[in-house]
Amino acid sequence: MNTKPARTRLAPSPTGRFHLANARNALYSYLIARKTGGQFILRIEDTDQKRFVPGAEEVIVRSLDWLGISPDESPFHGGQYGPYRQTERREIYQHYARQIVETGYAYPCFCTPERLDKMRKEQEAQKVDRVRYDGLCRRLDPDDVARRIAAGEKYTIRFKMPQEGSTVAHDHIRGDIVTENKYLDDYVIVRSDGLPTYHLAAIVDDHEMQITHVLRSAEWIPTFPLHVQIIRAFGWDEPVWVHPSILLKPSGKGKMSKRDTAAAMEDGYSIFIEELDGLGYIPEGVLNWIALMGWGVAEDDVMTLDQMVERFNVDNLTPSPAATNFQKLDHFNGTHIRLLTNEDLSARIKPYFTGAGLDVPNETLVKVTPLIRERLVTLDDCLAFARFFFQEKVEPNPEDLIAKGLDAKQSAGIARKAYEILSSLSDISHAVAEPPMREFVEASGFNAGQVFGILRVAVTGQKVSPPLFESMEIIGRTTVLERLQNAIGVLEKLG
RNA sequence: GCCCCCAUCGUCUAGUGGACUAGGACGCGGCCCUUUCAAGGCCACGACCGGGGUUCGAAUCCCCGUGGGGGCACCA
């Protein structure tokens, strides 16, 4: 990989939501910049003002910040190459639009949308292979053009695509992409409202902002030759182009549809970065997950951002489409949760408890965290495993208090015995309480699963919980005995 | 319809003509550990899309199919 400082960019349009594919382009771009000591830039492509969605820019920045891959330059962070919003760069595009017309690589087109529409319909009726601009204004007399412009007639500017030969565009992971020019079109590069389309704006900006590596999704491949031709028309150097493939639905058959997105949501997943936080995912896990969709790492695939920077290489990006695998998200999330320090994890799960209306004393939290860390797939799982630590009372399902293979009466007997043993101890810490309970199990003839199962449900209110004795130690003698007493009452009523 | 991109276990991938009995990870199944659930350890199952070439030799190179995907706007 080129080691001179790279300048990369993420250029989303503020029209929709910030999803996986955006994040993945951002990550790879960020990685290239960090790896080479360069800069990662966020540029807002808002030239289509009809589609502008208020607040979309903020979501993008918030998502990037959450992931920990904030841009070095952006409309919000500033920078030497601003403005970073295309609608604020009008004059720059106008300058280059004039230049490209003057040098003969583009021309004004007076065709109205109505005429274009009619033209297309006619072409469709004739079943042409590819509907495209018929070149009417390309053949206009220069004096005529000047006259019509002077008369105030509205016009767009079209790029004068070579009509013969072919264009070779080089993608770093796909190699040369050769397109015969006869399949290309005279694309509109400046709208009649004076604002450029993506084709001109992006090329001009990438040049002006000195972007060295352009990562954009594969949807851009069809217009890739156009972009290369525009660059050549200006006589500029090309950046390194990389087109990572689109992301497929979990089955790998077809791309993510609205329906798939909704289905993911129902399963507790999301393709929108802003929603992942609320779903209990941590940036470290999400990042690791995203990184591996299209980046070939042979082994040791659990990585922190720093490790990714260390190991990343654009050469290892894959060109084939990747299925979105949420199970893998869970895996990476759980793995990275376990990599967190107890202090860090405690701070991250606390909001879930308080959010559920629980009072969470820190001294209790720090004791609880080590007990549940291995069990968490998502942060919000902490509630399922540990809410009983912070509740006044616990209400076990009566049925659950009856041990496997026993009836209510026998179970009540075990509970009473456990109460007897525990209440005889002044201290029920793990080390003190376990030996006598084990002795009881030995002597009683019941098995450990039965005895401890009853105790677990009585004390935690649930069948699945963190280790019993550690849990009881944290809950404290008084509360444990209260809960046991309550369970005995429930069992007696049952019996 | 036309153009373009892609093609290794169910999924993400390693593989750049001989080191391939095709490696790793997720998931799945089993075992161990264990008071539950996890975590961890071990084991198993599981793939080179098809057909032609090229070559002493092909997962790897070429061609043709097939399948999947993208695009054909004064959207990005």
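So you know, we letter chains A, B, ... as the sequences are listed, proteins then strands, and number each from 1.
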message: In this structure, how many angstroms lie between the P atom of B/C37 and the CZ atom of A/Phe388, rounded?
response: 15 Å

query: Nearest to the side chain of A/Ser13 - B/U36, B/A76, B/C72?
result: B/A76

field: C1' gap between B/C49 and B/G71, integer Å
entry: 25 Å

message: Under 3.5 Å for both donor-acceptor distances, Watson-Crick or wobble: does B/C26 have a partner, and if so which one?
response: B/G10

message: Taking pairing as Watson-Crick or G-U wobble with both contacts under 3.5 Å, can you name the mate of B/C49, or confirm there isn't one?
response: B/G65

P gap between B/A14 and B/C32, integer Å: 37 Å

message: Nearest heavy atom decides the nucleotide; on that basis, is A/Phe452 or A/Pro12 closer to the 5' end of RNA chain B?
response: A/Phe452

- prompt: B/G70 phosphate, OP1 or OP2: any side-chain N/O from A/Lys255 under 4.0 angstrom?
  reply: yes

message: Which nucleotide wins on minimum distance to the side chain of A/Thr179, given the candidates B/C3, B/C6, B/C74?
response: B/C3

- prompt: Starting at NZ of A/Lys328 and ending at P of B/C9, how long is that distance when rounded to a whole Å?
  reply: 13 Å

- request: Report, as yes or no, whether the 6.0 Å neighbourhood of atom OH on A/Tyr105 holds more than 12 heavy atoms from other residues, nucleotides or ligands.
  value: no

- prompt: How are the rings of A/Phe272 and A/His19 set relative to one another: parallel (under 30°), tilted (30 to 60°) or perpendicular (over 60°)?
  reply: perpendicular

- line: When rounded to whole Å, the NZ to P distance for the pair A/Lys249 and B/G70 reads 10 Å

- prompt: What integer number of Å spans the C1' atoms of B/A59 and B/U21?
  reply: 15 Å

message: I need the single residue from A/Ile454, A/Leu401, A/Val457, A/Val451 that forms a side-chain contact (heavy atoms from CB on, under 4.5 Å) with A/Ser411. Which is it?
response: A/Ile454

task: Give A/Cys109 one of three labels, base, sugar-phosphate or nothing, depending on what nucleic acid heavy atoms sit under 4.0 Å from its own.
output: nothing

statement: Separation of B/G27 atom C1' from A/Trp289 atom CH2, nearest Å, is 15 Å

message: On the nucleotide B/C74, are OP1 or OP2 found under 4.0 Å from the side-chain N or O atoms that A/Ser192 carries?
response: no

- request: May I ask you to verify if any side-chain N or O of A/Thr15 is less than 4.0 angstrom from the OP1 or OP2 atom of B/C75?
  value: no

- prompt: Could you give the CZ-to-C1' distance, from A/Arg375 to B/A39, as a whole number of Å?
  reply: 8 Å

message: Considering every strand and a 4.0 Å limit on heavy-atom distances, what is the contact class for A/Gly453: base, sugar-phosphate, or nothing?
response: nothing

query: When the ring centroid of A/Phe159 is compared with that of A/His199, is the distance short of 6.0 Å?
result: no

- prompt: In whole angstrom, what separates A/Leu292's CG from B/G27's P?
  reply: 14 Å

message: When the P atoms of B/G69 and B/U11 are compared, how many Å lie between them, rounded to an integer?
response: 14 Å

- request: Verify the contact: side-chain N or O of A/Arg120 to OP1 or OP2 of B/C74, cut-off strictly under 4.0 Å; return yes or no.
  value: yes

message: Let's see if you can work this out: which of B/G71, B/C72, B/C74 has an atom nearest to the side-chain heavy atoms of A/Arg130?
response: B/C72

Rounded C1' spacing from B/C6 to B/G24 in Å: 23 Å

- prompt: A/Arg51 side chain: which of B/A76, B/U36, B/C12 is closest?
  reply: B/A76

query: B/A47 and B/U8: how far apart are their P atoms, nearest whole angstrom?
result: 14 Å

query: Centroid-to-centroid, A/Phe469 to A/Phe452, below 6.0 Å?
result: yes

field: Integer-rounded Å distance: B/G70 P and A/Ile177 CD1
entry: 16 Å

- prompt: How far does the P atom of B/C26 sit from the matching atom of B/G41, given to the nearest Å?
  reply: 9 Å

- prompt: Do the ring centers of A/Phe312 and A/Trp295 come within less than 6.0 Å of each other?
  reply: yes

message: Any base atoms under 4.0 Å from A/Leu468, or only sugar-phosphate, or nothing? Heavy atoms, all strands.
response: base

message: The side chain of A/His331 is closest to which nucleotide in this list: B/U36, B/C2, B/C26?
response: B/C26

- prompt: Just checking A/Thr460: base, sugar-phosphate only, or nothing, at a heavy-atom cut-off of under 4.0 Å?
  reply: nothing

side-chain N/O A/Arg338 vs B/A38 OP1/OP2, d < 4.0 Å: no

task: May I ask you to say what A/Gly449 touches in the nucleic acid, namely base, sugar-phosphate or nothing, with a heavy-atom cut-off under 4.0 Å?
output: sugar-phosphate

query: To the side chain of A/Asn325, which of B/C74, B/G10, B/C5 is closest?
result: B/G10

- prompt: Whole Å only: how far is the CZ atom of A/Arg216 from the C1' atom of B/G70?
  reply: 13 Å

task: Map A/Pro466 and A/Pro319 onto RNA chain B by nearest heavy atom, then report which one ends up closer to the 5' terminus.
output: A/Pro319

message: Taking the side chain as everything from C-beta on, heavy atoms only, tell me whether A/Val59 gets closer than 4.5 Å to A/Ser63.
response: yes

- request: Kindly assign one of parallel, tilted or perpendicular to the pair A/Phe332 and A/His336, based on the angle between their ring planes and the thresholds 30° and 60°.
  value: tilted

task: Identify which nucleotide among B/A76, B/C6, B/A39 has an atom closest to any side-chain atom of A/Pro321, counting heavy atoms from C-beta outward.
output: B/C6

Candidates B/C3, B/C37, B/A25 - which lies nearest the side chain of A/Asp301: B/A25

query: OP1 or OP2 of B/A38 less than 4.0 angstrom from a side-chain nitrogen or oxygen of A/Arg373, does that happen here?
result: no

- prompt: What is the nucleic acid contact for A/Thr156, judged by heavy atoms within less than 4.0 Å: base, sugar-phosphate only, or nothing?
  reply: base

- request: Find out whether the Lys NZ or Arg CZ of A/Arg130 is both under 6.0 angstrom from the six-membered ring centre of A/Tyr183 and within 45° of the ring's axis.
  value: no

message: Using a heavy-atom cut-off of 4.0 Å across all strands, would you classify A/Gly294 as base, sugar-phosphate, or nothing?
response: sugar-phosphate

field: Gap in Å between the two C1' atoms, one belonging to B/C74 and one to B/G70, rounded
entry: 23 Å

query: Of all the nucleotides listed (B/A76, B/C5, B/C12), which has the minimum atom distance to the side chain of A/Tyr198?
result: B/A76

message: Measuring from the side chain of A/Tyr183 (C-beta onward, heavy atoms only), which nucleotide among B/A7, B/C37, B/C3 has the closest atom?
response: B/C3

task: Pick base, sugar-phosphate or nothing for A/Thr47, based on heavy-atom distances below 4.0 Å to the nucleic acid.
output: sugar-phosphate

